[in-house]
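Atoms within a ligand are numbered from 1 in the order they appear, just like the ligands themselves.
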Amino acid sequence: MSVLQKLDKSISDNAKREHWPGLIESYRSWLPVSNKTPVITLQEGNTPLIPVSSVEERIGRNVKVYVKYDGLNPTGSFKDRGMTMAISKAKEEGCEAVICASTGNTSASAAAYARRGGMRTFVLIPDGYVAQGKLAQALVYGAEVLAIKGNFDHALDIVREIASKYPVTLVNSVNPFRIQGQKTASFEIIDSLEEAPDWLCIPMGNAGNITAYWMGFKEYFEAKKSKKLPRMMGFQASGSAPLVLNTLVKEPNTIATAIRIGNPVNREKAISAQKESNGIFDSVSDEEIIEAYKMLGKEEGIFCEPASAASVAGLLKNKNQVPDESTIVCVLTGNGLKDPECAINNNDSIFNSGIEANIKTVAKAMSL
Ligand code: F0G
């Protein structure tokens, strides 16, 4: 073999090795799957951990801040981590249809994975409170969408009952396989930082994701893959903050429709994560959420959805408590493209329309 051929072969071997097969294959030994489990994947996971200097500067004190940009998953949210597991296990058990309640992202992800696995997908959503992009996804992926006159909490009550009476598998985060899949985000963070962060900042809705992250951090810690555990910092929108207020919220409201939830089903597990990790639950106003959302877009080139920006808003609100020299990860749970209406209505950019199509007027409009 010539030197060039050898070089070629080594490049293609590397490319093969670096090909990411999705998170079930990548973390198989950490997940409840066997050789009999049909792996239904869109090669989710392996999302980037991006340093965000604009947030670091606002905190000061030599802090390292990263965002775990899970909006880069195949359907644009962290739900894909849970769904590859939930749908693969449903398929293994011979299930033919799945159901979920959703503020949007779960429905998009459930539809994509279930349809890929050849199953029917029923989604219940709060009529009028799901961002356009998410609804578009559920429809394109072939879900049967039922928009109810009620909020997410009502929808979840209904789907839980339906799943207990009819042959449909529930794929909300009460399904334990969802949490199993989602815990891999913690593994990825430790695999890339070679240690757990000091703080993990995360938005909370139904509180499945904070539960999953904590499970992942604990498992890696017990396996000595990290020497420490992070403090779990969970943030909710102030109009929709049952975990912060420690009470049910009958009529939750926030611009961050993804986390417009008043009765989180994983309440107890989230409270354990907070207590065991010496974490903090706090709320952020819609204004604080939008400020963080705009900052990430225009200063970092990162477009997340409003619910995701709650993690950064929460960190900034609590910046005086951040220890010197610490490492912080904020989870950006969903892609900004999901909610174009919010983006169009909340930015500081210039949009001049109706400009005559000639150089002179364009240059004038550019103030040149
Ligand atoms: N961020 C986004 C973008 C979400 O879509 C959700 C939940 C959360 C955060 C909160 O995660 O519920 O595990 O605490 N969305 C669900 C849905 C409820 O139906 O898509 P959680």
Sequence-distant partners of F187, ring-ring contact (aromatic ring centres under 6.0 Å, His included), two or more places apart: Y27, W30, Y220
For G208, the ligand 1 atoms whose distance to one of its heavy atoms is below 4.0 Å: 13 (O), 14 (O), 21 (P)
Atom 13 (O) of ligand 1 - nearest protein heavy atom and its distance: N209 N, 2.8 Å
W20 side, atom CH2; E44 side, atom CD - distance, nearest 0.5 Å: 9.0 Å
L135: hydrophobic cluster co-members (side-chain, 4.5 Å): V123, I125, V130, L139, V145
Contact summary for P21 and S26, nearest pair of heavy atoms: CD-OG, 3.4 Å
S173 touching ligand 1 at heavy-atom level, < 4.0 angstrom: no
Identity and separation of the nearest protein heavy atom to atom 12 (O) of ligand 1: N206 N, 2.7 Å
Atom of M119, atom of I40 and distance for their closest heavy-atom approach: CE-CD1, 4.4 Å
Per-atom contacts, ligand 1 versus M204 - under 4.0 Å to a heavy atom: 14 (O)
N or O contact, I261 vs ligand 1, cut-off under 3.5 Å: no
Which of the ligand 1 atoms, numbered from 1, are nearer than 4.0 Å to a heavy atom of N105: 2 (C), 3 (C), 4 (C), 5 (O), 20 (O)
Contact check, T211 vs ligand 1, heavy-atom distance below 4.0 Å: no
K68: which of T333, I189, I50 passes side chain to side chain contact (heavy atoms under 4.5 Å, CB included): I189
Flag, side chain of R61 to backbone of V322, donor-acceptor distance under 3.5 Å: yes
S102: numbered ligand 1 atoms lying under 4.0 Å from its heavy atoms: 17 (C), 19 (O), 20 (O)
Contact (N/O only, under 3.5 Å) between F152 and ligand 1: no
Contacting atoms of ligand 1, where contact means under 4.0 angstrom from a heavy atom of I259: 8 (C), 9 (C), 10 (C)
Proximal atoms of ligand 1 relative to T106 (non-hydrogen, under 4.0 Å): 16 (C), 17 (C), 19 (O), 20 (O)
Criterion side chain to side chain donor-acceptor pair (under 3.5 Å) against N105, the qualifying member of E305, K79, Q137: E305
Closest approach of any protein heavy atom to atom 16 (C) of ligand 1, naming residue and atom: K79 NZ, 2.8 Å
Backbone or side-chain N or O of F78 under 3.5 Å from ligand 1 N or O: no
Criterion salt bridge (Lys or Arg N to Asp or Glu O under 4.0 Å) on D198 and K228, from CA distance to verdict: CA-CA 8 Å; D198 297 287; K228 62 185 173 196; 3.1 Å; yes
Side-chain donor or acceptor of S107 paired with backbone N/O of A138 under 3.5 Å: no
Any N/O pair E305/ligand 1 closer than 3.5 Å: no
Per-atom contacts of ligand 1 with T333, taking only distances under 4.0 Å to non-hydrogen atoms: 1 (N), 2 (C), 3 (C), 9 (C)
